[in-house]
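Below, each value reflects all heavy atoms present in this structure, side chains not excepted, and no hydrogens, waters or symmetry copies.
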Amino acid sequence: MSAIVRPLKWFYHEFGIASIYETGGDAYLLITARTLRMFAYGTNSLILAIFFSALKFSDHQIGLFMTLTLLGDVFLGTYLTLIADRVGRRKVLVGGSVLMITSGIVFALFENFWLLLLAAIFGVISVTGGDFGPFRSIEESVLSQLTTPSTRADVLAWYVTISTLGSSIGSEASGRIIRYLQERDGWTEVDSYHALFWIYAATGILNVILTLLLSSACELQTTVTYTEVPQDEQDATTDRTPYQPPPPIEAVSPQIETWPTRARLWFTSRLSQISAPTRSVMYKLWFLLFVDSLADGMVPYSLTNYYMDDKFHPSKSTLGDIQSIAYFLGAIGSAFAGPLARRLGLINTMVFTHVPSSAAVLVFAIPNTFWMTASLLLIRAGLNNMDQAPRSAFIAAVVKPEERTAVMGITSMLRTVAAMGGPTLTGFLASNKKFWIAFVVAGVCRLAYDFGLYAMFVNMKVDQNEKSLSVSNGDIQAHQQPESDDVEMQRFSLDSGSSEDDWKKPADQRQLAAPSAIHRDLGVPHATLERVRSRSPHKSTELDH
């Protein structure tokens, strides 16, 4: 029996399942919600560009559609993310799910280019198969808040892994459903594509339900920082006169005439709320992610499937099988991201797993056989997701907890902006029979991101914000006593029976007298000892009275 239990226990702890259990029920709900959402995105990534082609849209229109849809994601996703902590994260997630339902219904009923474009811009449609919009940055911020530095990479890795399995199942189901419907009497190719968007709307409804089940622990948890003040300064600093606040200063609002100026000032004001140390790190990372996302925007899975369909003309079920296997391999790879991050480090895991995927994109257009091209797609997809969880864990570790939602939202926005121009450029190349150039440019950009990431961040220390937060919240185990306190405690402990040699040892090795002995010598009741050195901003204690 132990021969069976021991490997299971090893897998349970080594691959981070224990970390999800430790995080609690909210983690299960968030992972399930994203898995359902990625299932819907998986159905779309297979057929979206093919659907538009069946509607007689040109390659240039297809590229323009994807670009403008991503532009809508920039404004909508950024706005909802930046207000999420103030309005409520759960409310914003529910609102995004409602927009997802609306877009699914419109795509299921209509075929007009401009109406579909309007629904995609102001709703939530994944044109790349990725999780754009407000969802991911908010969910990753919530998971980063619910986890600890030791469990974060594992939880985020399973957040990516299980949701990628959803994409795999969605792609497989998409190909099978299309084939089944087209074999029925009275069903055209376009009708079968419309049917998939009803599934998209249904998953939006399930997302609403799961989000409503989340607890209040998912909202931003504010912390109060107390300053330790020596006891003898309390009487000197305590003022008996009630504090009179200064009169408010009336701000003069400039006259803003254009909405671009208003939007720019609004964004810069939100950016200024992020601390300077955080910005100094994120500026470098944002630049690299901009380059990487530009590459991903040029050759998303939807356009990659369109390229394979146009070049080799496989059946839709075969194309769905290939895409499903690609997502499945991506899920398997993501499961190893957590264990690798613990052994290699976050940056090493991101770079070493992403380089082969980038190389596969670079040479993707070279083979002239379907199965060789499909093999490169499997290599790309199998390793492509292994950098996602370490990247989110890295961002969560180098920024302050109260800045995570805004930073992740801006990160998502910049990545969407970068990806936005890719489809239009690829559409232009495809219309001129130069589709292969898009894969070469994308591969070069992805490799530049990989090597730049390693050069800039491989030696950077992380998790400093968790440590500083622990000190500011009065964690005695992480906060050393001031040197003046050592002198006082030395006297008290010597009177209580501790040896003087104990105080020659490092602070973390000292054997202090029992608290009860110290209490007797001080003549202070045990229950009030912790209140002698007050951490209250008003610096008053029960002993003062």
Side-chain angles (χ1 to χ4, degrees), residues 6-35 37-38 130-131 135-168 285 289 292 326-357 379-399 401 404 408 411 450 453-454 457-458 460-466:
R6 190 178 295 112
L8 293 177
K9 291 179 66 176
W10 174 85
F11 181 84
Y12 180 75
H13 292 283
E14 180 67 18
F15 282 83
I17 301 176
S19 299
I20 302 178
Y21 177 79
E22 180 182 333
T23 304
D26 288 327
Y28 292 109
L29 292 172
L30 288 170
I31 292 173
T32 303
R34 187 174 192 245
T35 301
R37 197 165 62 248
M38 294 302 290
D131 198 1
F135 295 106
R136 183 171 182 175
S137 48
I138 296 176
E139 289 172 347
E140 288 180 342
S141 178
V142 171
L143 290 174
S144 299
Q145 176 177 291
L146 296 175
T147 54
T148 63
S150 61
T151 62
R152 184 171 299 139
D154 288 327
V155 173
L156 290 173
W158 281 107
Y159 172 78
V160 174
T161 298
I162 300 177
S163 61
T164 306
L165 285 175
S167 297
S168 174
L285 184 59
L289 289 174
D292 179 59
Y327 279 128
F328 179 77
L329 292 177
I332 297 300
S334 299
F336 287 91
L340 283 176
R342 288 196 299 271
R343 285 165 172 75
L344 302 179
L346 298 175
I347 297 299
N348 287 337
T349 302
M350 294 166 63
V351 174
F352 296 159
T353 59
H354 202 253
V355 166
S357 176
I379 295 173
R380 169 192 172 182
L383 299 173
N384 191 62
N385 292 340
M386 293 185 72
D387 72 321
Q388 293 185 18
R391 181 177 66 226
S392 299
F394 177 78
I395 294 175
V398 299
V399 305
R404 284 175 183 154
M408 289 181 175
T411 302
D450 295 330
L453 191 69
Y454 186 84
F457 296 107
V458 67
M460 183 174 181
K461 295 181 179 180
V462 296
D463 294 338
Q464 297 301 314
N465 289 300
E466 274 87 1

Shortest non-hydrogen pair, Met408 vs Ile395, comes out as CG-CG2, 4.2 Å
*Ser163 side chain to Met38 main-chain N or O, any donor-acceptor pair under 3.5 Å?*
no
Open item on the list: So Asp154 and Arg342, do their side chains get closer than 4.5 Å, heavy atoms only?
Closed with: yes
Worksheet entry | Min side-chain heavy-atom separation Ile347-Met460 under 4.5 Å | no
Closest non-hydrogen contact found for Gly330 with Thr164 is C-CG2, 3.8 Å
Here the gap from Leu329 atom CG to Ile379 atom CD1, rounded to the nearest 0.5 Å, amounts to 10.0 Å
* Asked: Checking Thr151 side chain against Ser19 main chain: does a donor-acceptor pair fall under 3.5 Å?
  -> no
Q. Are Asn384 and His354 side-chain neighbours, meaning at least one heavy-atom pair lies under 4.5 Å?
A. yes
| message | Please tell me whether Phe394 and Phe457 form a close aromatic pair, meaning their ring centres lie under 6.0 Å apart. | response | yes
Nearest heavy-atom contact between Ala396 and Arg152 is CB-CD, 3.6 Å
Between Ala389 and Ala153 the two heavy atoms that sit nearest each other are CB-O, 4.2 Å
Between the CD atom in Glu22 and the CD1 atom in Ile17, the distance rounded to the nearest 0.5 Å is 14.0 Å
So Leu30 and Val142, do their side chains get closer than 4.5 Å, heavy atoms only? yes
Any side-chain heavy atom of Leu165 sitting closer than 4.5 Å to one from Phe328?
yes
task: Run the numbers on Leu285 and Leu453 for side chain to side chain contact (heavy atoms under 4.5 Å, CB included), then give the verdict.
output: CA-CA 8 Å; Leu285 184 59; Leu453 191 69; 3.7 Å; yes
Rounded to the nearest 0.5 angstrom, the CZ-OG1 distance for Arg391 and Thr411 is 9.0 Å
Worksheet entry | Glu140 and Ser392 side chains, donor-acceptor separation under 3.5 Å | yes
Determine, for Phe135 and Arg34, whether the Lys NZ or Arg CZ falls below 6.0 Å from the six-membered ring centre while staying within 45 degrees of the axis.
no
Nearest heavy-atom approach of Arg380 to Ser357 is O-OG, 2.9 Å
Rounded to the nearest 0.5 Å, the OH atom of Tyr159 sits from the OG1 atom of Thr35 at a distance of 9.0 Å
CD (Gln388) and CG (Asn385) are apart, to the nearest 0.5 Å, by 4.0 Å
task: Apply side chain to side chain contact (heavy atoms under 4.5 Å, CB included) to the pair Val458 and Met350, showing each step before the final yes or no.
output: CA-CA 10 Å; Val458 67; Met350 294 166 63; over 6 Å; no
**Report entry** Residues, nucleotides or ligands: over 12 heavy atoms within 6.0 Å of Tyr12 OH
**Finding:** yes
**Prompt:** Less than 4.5 Å apart, any side-chain heavy atom of Tyr454 and any of Asn348?
**Reply:** yes
Exercise for review: Ignoring hydrogens and angles, tell me if any N or O in the side chain of Arg404 forms a donor-acceptor pair with the backbone of Ser141 under 3.5 Å.
Suggested key: no
Using only atom types and a distance under 3.5 Å, with no angle test, would you say the side chain of Thr349 pairs donor to acceptor with the backbone of Ala337? no
Distance col, row Ile20:CD1 vs Leu156:CG, nearest 0.5 angstrom, shows 10.0 Å
Scanning both residues in full, the closest heavy-atom pair of Leu346 with Ala341 reads CD2-CB, 3.8 Å
